[in-house]
Amino acid sequence: MSQKLRALLVMNDDRRADVYPRHILDRLEESVDFCHPPLNRSQLAASPDLMNDVDVLLTSWGAPRLDANFLASAPNLKAVLLAAGSIKEIVTDDFWSREIPIVSAAAANAIPVAEFTLAQILLSLKRAPVLARETARAGALAQRPPLAGTYGSRVGLLSLGEIGLQVARFLQAFSVDVVAHDPYASTEQATAAGVELVTLQELFASSQVVSIHCPLLPATRGMVNRDLLESMQPDATLINTARGALINESDLIDVLAVRPDLTAMLDVTWPEPPAPGSPLYTLPNVFLTPHIAGSLGSECGRLGALVADECERFVKNENLIHEVSQARAQKRA
């Protein structure tokens, strides 16, 4: 039998047991030999020679930066398997020049974000958060206003990346009209997800709920601005589970202050958390959550399971399903 590839697990200590629980480690040990007990990034930085014989780097949140110094200590590195979403903070030009495959578990992390988003969409179409807050403030049941409901209402998705597509798939179970804006999505891809592609302006102006799922890129920073926000339907809801900096925060605050009919459900902000004294804490039509949409607790095990699947494929010389190319990385969060 040929010798197994040698692996090292490097990530934050506090989340390791969630991402790589014992049953996932057992699966991984069927494919690779661990050459050292798990480390965090600081411990590896203090002993970089531990990478000398490593073939496969297994990691997650708290991954080491794959720069020239790191790569010099890892001459045998053949694959990086990241049990997390974005690879942007760890890859470098030096890494790409080595042509080492890198896997992201973004597809697995998309599932809880899409589930959270679906819940917010359905509650928003019933205006449940608004009515609950009004009831608590008045100490009596709020008057039931006209509601959009789900039947025939329009939901707009800003981006059809992995999360946006998963939200669209979930929404196929409901009688809503789903539209999306994504300059990179094809008509065929959108149609398969039950989505109509529209302009950015139409998305905001015609939807009862707009949910943001695009990556933070130079071209998307602050793209949700005053004009788009002011164009939103009466009683519409804006949901953001992507990146806070996609929204021009001062524009959002100004519009929400003069449009009490609008609601913003923000799981992310910029800065995060909002600065002390920010109106986002006190505006009655803002609902803040502390960045909980992504994988938390037992949900993190789904990320480790994806990495274990990809590790098995790699050692069998099979195609990696979740490999991220340099070109693809430039378009992702």
When clusters are formed by joining ILVMFWY residues with side-chain heavy atoms under 4.5 Å apart, either directly or through shared neighbours, do Leu25 and Leu306 land in the same one? yes
Residue pair Leu246 / Leu158, side-chain heavy-atom distance below 4.5 Å: no
Side-chain donor or acceptor of Ser278 paired with backbone N/O of Tyr281 under 3.5 Å: no
Ala190 and Leu160: which non-hydrogen atoms are nearest, and at how many Å? CB-CD1, 4.1 Å
Tell me whether Met223 is reachable from Val179 by hopping between hydrophobic residues (I, L, V, M, F, W, Y) whose side-chain heavy atoms are closer than 4.5 Å. yes
Is a donor from one side chain sitting under 3.5 angstrom from an acceptor on the other, for Thr241 and Asp267? no
Please report the closest heavy-atom contact between Cys300 and Trp61, naming both atoms and the distance. SG-CZ3, 3.9 Å
With rounding to the nearest 0.5 Å, note down the distance linking CD in Gln43 to NE2 in His36. 8.5 Å
Is any side-chain heavy atom of Arg259 less than 4.5 Å from a side-chain heavy atom of Asp261? yes
Side chains of Ser250 and Asn248: donor-acceptor distance under 3.5 Å anywhere? yes
Between Thr135 and Ala142 (side chain of the first, backbone of the second, donor and acceptor by atom type, cut-off under 3.5 Å), is there such a pair? yes
Shortest non-hydrogen pair, Trp270 vs Ala245, comes out as CB-N, 3.5 Å
Is it true that Arg98 and Asp94 make a salt bridge, defined as a side-chain N closer than 4.0 Å to a carboxylate O? no
Just wondering, do Pro64 and Thr59 contact through their side chains at under 4.5 Å, heavy atoms? yes
Counting N and O atoms only, with roles assigned by atom type, does the side chain of Thr289 sit under 3.5 Å from a partner on the main chain of His291, one being a donor and the other an acceptor? no
Rounded to the nearest 0.5 Å, what separation is found between the CD atom of Glu162 and the CG atom of Asn109? 9.5 Å
Val255 backbone acceptor or donor facing Glu230 side chain under 3.5 Å: no
Decide, yes or no, whether a salt bridge links Glu272 with Arg243 under the criterion of side-chain N to carboxylate O below 4.0 Å. no
Step by step, work out the side-chain contact (heavy atoms from CB on, under 4.5 Å) result for Ile87 and Val80. CA-CA 10 Å; Ile87 68 171; Val80 177; over 6 Å; no
Backbone of Ala83 reached by a side-chain donor or acceptor of Ser60 within 3.5 Å: yes
Indicate the atoms forming the closest heavy-atom contact of Arg15 with Ser295, along with that distance. NH2-O, 3.0 Å
Is atom CZ of Arg137 surrounded by more than 12 heavy atoms (other residues, nucleotides or ligands) closer than 6.0 Å? yes
With heavy-atom distances below 4.5 Å as the criterion, would you say the side chains of Val103 and Phe314 are in contact? no
Donor-acceptor contact below 3.5 Å, side chain Ser231 vs main chain Leu228: yes
Any salt bridge linking Glu312 with Arg27? Criterion: basic side-chain nitrogen under 4.0 Å from a carboxylate oxygen. yes
First locate atom CG of Leu8, then atom CG of Leu39, and finally report the distance between them rounded to the nearest 0.5 Å. 5.0 Å
Answer yes when Lys4 and Asp55 have at least one side-chain N-carboxylate O distance shorter than 4.0 Å, and no when they do not. no
Enter the distance from Leu171:CG to Ile121:CD1 here, rounded to the nearest 0.5 Å. 5.0 Å
Is the shortest side-chain heavy-atom distance between Lys78 and Val56 below 4.5 Å? no
Can any side-chain N or O of Glu310 pair as donor or acceptor with the backbone N or O of His322 at less than 3.5 Å? yes
Answer yes or no: is there a side-chain heavy-atom contact under 4.5 Å between Asp182 and Ser159? yes
So, the side chain of Glu29 versus the backbone of Asp26: is there a donor-acceptor pair under 3.5 Å, distance only? no
Strictly distance-based, threshold 3.5 Å: is any side-chain N or O of Ser104 a donor or acceptor partner for the main-chain N or O of Gly85? yes
If I take atom CE from residue Met232 and atom OG1 from residue Thr237, how far apart are they, to the nearest 0.5 angstrom? 7.0 Å
Does Asn319 have more than 12 heavy atoms from other residues, nucleotides or ligands lying within 6.0 Å of its CG? no
Between Arg127 and Glu134, is there a salt bridge with N-O shorter than 4.0 Å? no
Please check: side-chain N/O of Asn285 versus main-chain N/O of Thr263, any donor-acceptor pairing under 3.5 Å? no
Using the rule that two of Ile, Leu, Val, Met, Phe, Trp, Tyr join whenever any of their side-chain heavy atoms come within less than 4.5 Å, decide whether Ile239 and Phe174 are in one cluster. yes
Specify the closest pair of heavy atoms between Phe70 and Leu77, including all atoms of both residues, with the distance to one decimal. CE2-CD2, 4.1 Å
Check the pair Leu66, Ile100 against side-chain contact (heavy atoms from CB on, under 4.5 Å), reporting the backbone distance first and the verdict last. CA-CA 11 Å; Leu66 307 175; Ile100 298 169; over 6 Å; no
Measure across Ser207 and Leu203 and return the closest heavy-atom pair with its distance rounded to 0.1 Å. OG-O, 2.7 Å
Does any non-hydrogen side-chain atom of Leu252 lie less than 4.5 Å from one of Val286? no
Checking Asn40 against Asp13: is there a side-chain donor and acceptor pair closer than 3.5 Å? yes
Crowding at CD, Glu318 (>12 non-hydrogen neighbours, <6.0 Å): yes
Mind checking whether Ile90 and Phe95 have side chains closer than 4.5 Å, heavy atoms only? no
Can you tell me how far the CG atom of Leu147 sits from the OG atom of Ser153, to the nearest 0.5 Å? 9.5 Å
